[in-house]
Amino acid sequence: GIAWYPAYRYLINDGTDAYEAMGIGVSAALFNPVGDFIGVITADVALSHLSEYLGELTAKTGGIAFIAESGGELLATSTPVIRLKLTTSVNPLLRLAGDRLATGDQPAGSTFADMEGARHLLKWQSYQLPEGPRLTVGVLLPQARYAAVASDMLRNIVYLALAVALFSIII
C-alpha cells in the first residue's frame, strides 16, 4: 500500500530557494503482473508550493487558508509562514484558529471569532490520509467579505418573491 511520510527538510542544494527546504510525500511499492516486488515510487510536494497555492485560492477573499498536522504544526498557509504550531504563529488569526482547534475534538466544524474589531468565520475539516498523518484544512474569512454578498442575494430573493406574489395576484 501507500505510506505518507512526515514533513522533512530537503537534502538538496537549491540555489533558487524554490523549495524552501521542506516537503511532505508519499511512497508506494511497485509489483509486476505476477506479484513480484520491483521497486518503490515516491512523490513529494514542497510546503512552499502548497502555501503559494493556498495564497492563490484566497487572494480575492481576504481570507487565510491553512493546512496543519494533528499536533497543530503548520504545513502550509496562504500567508507567509515558517514551520510553527498554529498556536505560536506570528499571525493573530492563525493563533486564534489554533486555540479554537486545540480546545475541541471535532473533526469538522465552524465558528465565529472576533479579532481586531472584525468578525471572522473559521471553518475546518480534518482528513485522515491512508497510512499517513491526520491533516486539518481550515479557512478564516472576514465576515465583511461574504455578508454583503449574502445580503444582496437575500434582497434579490425577496424582490423575486414579491414579483411572483404580485404576478399571482394579477393572474
Side-chain angles (χ1 to χ4, degrees), residues 1-113 115 120-143 145-146:
I2 66 168
W4 287 85
Y5 40 95
Y8 69 97
R9 186 162 301 285
Y10 287 127
L11 296 175
I12 62 172
N13 184 8
D14 177 22
T16 63
D17 291 330
Y19 296 94
E20 295 187 21
M22 294 287 293
I24 188 170
V26 63
S27 63
L30 295 176
F31 299 93
N32 66 15
V34 295
D36 296 329
F37 174 76
I38 57 172
V40 175
I41 188 168
T42 183
D44 289 30
V45 175
L47 298 184
S48 61
H49 290 183
L50 280 176
S51 292
E52 287 173 15
Y53 178 69
L54 293 176
E56 291 171 10
L57 289 177
T58 60
K60 293 181 181 177
T61 65
I64 297 173
F66 63 88
I67 302 172
E69 293 179 296
S70 60
E73 294 87 2
L74 280 170
L75 289 175
T77 178
S78 57
T79 62
V81 67
I82 56 173
R83 185 122 161 96
L84 296 169
K85 286 188 174 275
L86 277 167
T87 55
T88 58
S89 173
V90 296
N91 186 309
L93 286 171
L94 289 175
R95 278 197 313 272
L96 181 69
D99 291 341
R100 294 282 172 97
L101 293 175
T103 59
D105 293 339
Q106 298 175 347
S110 63
T111 185
F112 285 97
M115 175 67 65
H120 292 79
L121 171 66
L122 167 61
K123 186 161 182 65
W124 72 93
Q125 174 74 47
S126 293
Y127 300 95
Q128 178 64 51
L129 296 177
E131 301 299 322
R134 180 175 210 65
L135 300 179
T136 299
V137 177
V139 65
L140 288 145
L141 292 172
Q143 185 179 21
R145 290 287 186 138
Y146 63 87

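Residues satisfying the side chain to side chain contact (heavy atoms under 4.5 Å, CB included) test with Leu50, not counting sequence neighbours, are Val45, Leu47, Ala76.
Between Ala7 and Leu75, the shortest heavy-atom distance links the atoms CB-CD2, 3.8 Å. Shortest non-hydrogen contact noted between Gln125 and Ala108 is OE1-CB, 3.2 Å. Closest approach of Ala65 to Thr77, counting heavy atoms only: O-OG1, 3.0 Å. Heavy-atom minimum distance, Gly63 versus Leu141: CA-CD2, 4.0 Å.
Looking at Thr58, its side chain never comes within 3.5 Å of a backbone N or O of Ile64 through a donor-acceptor pair. A donor-acceptor pair under 3.5 Å is absent between the side-chain atoms of Ser51 and the main chain of Ser78, judged by distance alone.
How far CG of Leu74 is from CG of Leu94: 6.0 Å, rounded to the nearest 0.5 Å. Between the CG atom in Leu122 and the CZ atom in Phe66 there is a gap of 5.5 Å [rounded to 0.5 Å].
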List the atom pairs, with distances to 0.1 Å, where a side-chain N or O of residues 31-42 and a protein N or O form a donor-acceptor pair under 3.5 Å, not counting sequence neighbours.
{"residue": "Asn32", "atom": "OD1", "partner": "Val34", "partner atom": "N", "Å": "3.1"}
{"residue": "Asn32", "atom": "OD1", "partner": "Gly35", "partner atom": "N", "Å": "3.0"}
{"residue": "Asn32", "atom": "OD1", "partner": "Asp36", "partner atom": "N", "Å": "2.9"}
{"residue": "Thr42", "atom": "OG1", "partner": "Tyr5", "partner atom": "OH", "Å": "2.8"}
{"residue": "Thr42", "atom": "OG1", "partner": "Val26", "partner atom": "O", "Å": "3.1"}

Check residues 127-138 and write down every donor-acceptor pair under 3.5 Å in which the side-chain atom is one partner and the other belongs to a residue at least two apart or another chain.
{"residue": "Gln128", "atom": "OE1", "partner": "Arg134", "partner atom": "NH1", "Å": "3.4"}
{"residue": "Gln128", "atom": "NE2", "partner": "Gly132", "partner atom": "O", "Å": "2.6"}
{"residue": "Thr136", "atom": "OG1", "partner": "Ser126", "partner atom": "OG", "Å": "2.9"}

